[in-house]
Amino acid sequence: MYSKNPLGAAVSSLKAGGGKTLNIILQAFLKQKANTPPIISVPSIFLQEEYRVRLISAGLNDSEIVIINSTTVDQHESVSRKFFQTLPLNKTIIITHEALKLIDHRSSNKALYANRDLLIDEAFDPISMTELTVTTNSDGVPGIRHIDWKRWLNPTGVIVDGFVELMPCKGHCYNDIYNMTKIKTIENRNYKLYISESNWNSLLANNAQKINIFGLYDINILAQFKSISISSAAFHTTTLGIFLKNSGVNLNLTHAYEKHDEKIIFHLAKINNELYSHSKGAIAEHHERVETFRNYVAKTLQDRESLLLRNISDTTSLPYSRYHQISNNCHGINSFRHIDAISIECAYNANNNQISFMQSIMKFTREQSVLVIAANTFYQCILRTCIRDKSNTKPVDVFLLDSKVFPHLVKHYFNNYEIKDINIGNFDTRHREESLSSDHIKIKQFIENTASGEYKASTLYDSFVTKTGSTTSIRKFALSLSDLGLAKRHTKYGKIYRV
């Protein structure tokens with residue numbers, strides 16, 4: 001099932017209701033009774049309790065189970081301590097994904113779990129992204145407690161595709177109470193850390209406003225367990241699934257994923273008959289579009305119960321009331337299987353730095369970046385509805401504001417669907433001229449036929465003009481590239497686009 005060299009894992013990719021959780025319960029029960037208790041990693045504290053109850057129902061004693069979790073990164077040292085203190089007790093450990101990623105796996109105690117099987121319920125995210133706001137006073141000293149950035153972040157000298165590798169040194173920022181959680185995240189040595197060259201150069205030049213520091217979980221840590229079993233619906237579409245495959249990990253698929261045949265009615269927000277790309281800024285800048293969408297949802301739902309996914313910062317009152325708001329980490333929530341409608345109103349888009357990181361460091365394609373950032377999250381939320389009830393015959397209404405995610409949803413998850421359009425407005429003049437122009441269509445086709453790689457903006461533009469004979473300006477060309485979602489970074493040679 002798994003060998004330490006090379007790294008490998010058994011994967012059950014069954015869809016919702018296929019028996020993944022039951023299989024983990026059975027494995028854990030048998031291993032505990034065989035005196036080889038496993039470690040079960042789950043996505044939420046809610047699921048920890050559910051597992052505890054089900055294991056007791058299966059025949060384990062409560063004294064044979066230990067729950068370990070952490071609600072803040074600040075507790076990572078106590079989490080590690082409890083973890084290593086519990087290992088010799090020969091008990092089944094149920095731990096959250098976040099707590100598992102915080103444990104000090106460099107500890108000399110790691111031999112204690114070399115004979116432990118790790119059962120992972122739902123794929124965890126191997127990426128961390130920490131945004132720090134950098135304010136500068138009149139003397140040019142960063143306001144985040146006068147940090148010596150170079151000394152703290154400690155660049156290794158390695159630069160990979162526009163990203164500077166970091167190896168932070170502890171002890172330089174502990175007086176900064178406000179940013180302590182973020183600092184602890186950055187100093188977690190279970191991650192390889194990176195910052196974009198443009199962010200780093202701005203930081204050193206003392207003119208950075210905000211910086212993003214990315215972390216990538218060291219998958220070699222997983223090789224320290226006796227075996228690994230992962231149960232995750234559509235695992236091949238998760239960040240972890242794509243990353244492990246790209247990293248050459250030996251994945252033994254024990255149960256394949258099959259797309260859903262249950263009927264889905266997609267209600268898609270559109271502008272001039274085109275799929276709509278929602279953003280957090282649009283909530284304020286184009287509030288009338290959001291209002292039109294929500295009024296349509298209210299009119300369609302009438303008095304039906306529904307689920308709602310929207311950004312936490314969006315506290316706008318809604319024209320419908322019988323809704324249950326869920327978060328994007330909704331794994332294991334089974335209490336809404338009687339509900340046949342969900343309104344997905346959030347903007348779950350990555351910034352250019354995040355997309356560039358995934359493509360440069362993790363070797364994701366542009367489609368894979370979009371897929372794991374939004375589509376898989378939306379899919380998990382849709383699964384909270386009656387679609388997971390095998391006796392259900394009703395179609396599920398899915399209202400999708402960020403409708404550009406729709407093609408990914410039907411390509412990877414749903415076979416049986418119907419489409420209903422929601423006209424939420426028109427393009428403004430600039431967008432109509434520059435995004436609906438024939439040149440924009442030509443640029444889209446040109447990019448689709450361009451070999452993957454990084455290109456100077458001027459190189460792409462010259463090649464486009466040569467091949468098509470277009471007379472569009474380089475400014476309009478760049479606007480179209482942005483509309484197409486191409487990741488870019490700024491260098492001393494100008495903008496570099498990743499295709």
Side-chain angles (χ1 to χ4, degrees), residues 1-3 6-28 38-44 47 51 95-98 100-101 117-128 216-223 225 227-262 328-334 348 358 362-365 367-384 387-388 405 408-415:
M1 181 166 66
Y2 161 76
S3 72
L7 182 69
V11 176
S12 174
S13 195
L14 291 169
K15 62 186 179 183
K20 296 188 303 297
T21 302
L22 182 60
N23 182 50
I24 294 177
I25 295 292
L26 180 60
Q27 285 189 68
I39 297 168
I40 305 174
S41 184
V42 299
S44 67
L47 264 183
Y51 265 93
I95 189 169
T96 59
H97 291 339
E98 291 308 307
L100 181 70
K101 292 187 288 184
D117 299 300
L118 177 62
L119 310 179
I120 300 175
D121 183 8
E122 300 297 350
F124 63 77
D125 190 349
I127 303 174
S128 71
L216 186 57
Y217 188 71
D218 184 359
I219 58 172
N220 290 314
I221 290 170
L222 299 179
F225 293 90
S227 72
I228 301 170
S229 293
I230 303 172
S231 296
S232 178
F235 182 67
H236 63 291
T237 69
T238 65
T239 313
L240 183 64
I242 298 171
F243 175 53
L244 292 183
K245 183 179 179 181
N246 289 353
S247 301
V249 172
N250 180 26
L251 300 174
N252 175 24
L253 188 63
T254 60
H255 300 93
Y257 174 76
E258 295 180 356
K259 289 170 68 176
H260 292 266
D261 291 320
E262 295 86 355
N328 53 23
N329 182 15
C330 58
H331 297 287
I333 298 177
N334 299 319
Y348 203 57
M358 295 173 77
M362 302 178 71
K363 308 306 178 187
F364 277 40
T365 63
E367 182 193 0
Q368 287 172 334
S369 302
V370 175
L371 176 64
V372 301
I373 289 166
N376 188 263
T377 298
F378 292 176
Y379 167 62
Q380 287 295 337
C381 292
I382 294 170
L383 291 187
R384 301 312 114 198
I387 194 174
R388 64 188 304 111
V405 180
H408 301 283
L409 289 171
V410 296
K411 177 180 179 180
H412 295 281
Y413 307 115
F414 302 108
N415 281 322

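These numbers come from the heavy atoms of this one structure, side chains and all, not from hydrogens, waters or symmetry mates.
Using a 4.5 Å heavy-atom threshold, the side chains of N334 and R384 count as touching. Residues V372 and M358 are in side-chain contact: their nearest non-hydrogen atoms beyond the backbone lie under 4.5 Å apart. Counting heavy atoms from C-beta on, the side chains of Y413 and T237 come closer than 4.5 Å. You'll find the side chain of S229 reaches within 4.5 Å of the side chain of Q27, heavy atoms only. Contact check for L119 versus Y51: no side-chain heavy atoms found under the 4.5 Å cut-off. At least one side-chain heavy atom of I387 sits under 4.5 Å from a side-chain heavy atom of L383. In this structure, Q380 and E122 have side chains that are in contact, with non-hydrogen atoms separated by less than 4.5 Å. Counting heavy atoms from C-beta outward, P126 and T239 have side chains that approach closer than 4.5 Å.
Closest non-hydrogen pair, S13 versus L253, comes out as CB-CD1, 4.0 Å. Across every non-hydrogen atom of T238 and A233, the tightest pair is CG2-O, 4.5 Å. Here the closest heavy-atom approach between residue I127 and residue M362 is recorded as CD1-SD, 3.4 Å. In terms of heavy atoms, I373 sits closest to T377 at O-OG1, 3.7 Å. Taking each heavy atom of T254 and A10 in turn, the nearest pair found is CG2-CB, 4.1 Å. In terms of heavy atoms, D121 sits closest to P43 at O-CD, 3.2 Å.
For N329 (side chain) and S44 (main-chain N/O), no donor-acceptor pair under 3.5 Å exists by modelled atom type. H408 places no side-chain N or O within 3.5 Å of a backbone atom of Q368 that could act as its donor or acceptor partner. A donor-acceptor pair under 3.5 Å is absent between the side-chain atoms of K20 and the main chain of I230, judged by distance alone.
Taking CG of L222 as the start and CG of L100 as the end, the distance is 7.5 Å to the nearest 0.5 Å. Separating the NZ atom in K101 from the CD1 atom in I95 is a distance of 11.5 Å, to the nearest 0.5 Å. Rounding to the nearest 0.5 angstrom, the gap separating the NZ atom in K259 from the NZ atom in K411 is 9.5 Å. Interatomic distance, I40 CD1 to D117 CG, rounded to the nearest 0.5 Å: 11.0 Å. Atom CG of N376 sits about 7.0 Å away from atom OG of S232, to the nearest 0.5 Å. Taking NE2 of H255 as the start and CG of N23 as the end, the distance is 6.0 Å to the nearest 0.5 Å.
Applying the side-chain contact (heavy atoms from CB on, under 4.5 Å) test to D218 and every residue at least two apart in sequence or in another chain returns N220, I221.
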task = Go through the steps for I120 and H97 under the test side-chain contact (heavy atoms from CB on, under 4.5 Å), then give the verdict.
result = CA-CA 8 Å; I120 300 175; H97 291 339; 3.8 Å; yes
request  = Apply side-chain contact (heavy atoms from CB on, under 4.5 Å) to H236 and V11, showing your working.
outcome  = CA-CA 10 Å; H236 63 291; V11 176; over 6 Å; no
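Annotation: K363, atom NZ; neighbour count of heavy atoms from other residues, nucleotides and ligands within 6.0 Å is above 12.
Aromatic pair Y217/F243: centroids not less than 6.0 angstrom apart.
Relative ring orientation between Y257 and H260 is described as perpendicular, the plane-to-plane angle rising above 60° on a 0-90° scale split at 30° and 60°.
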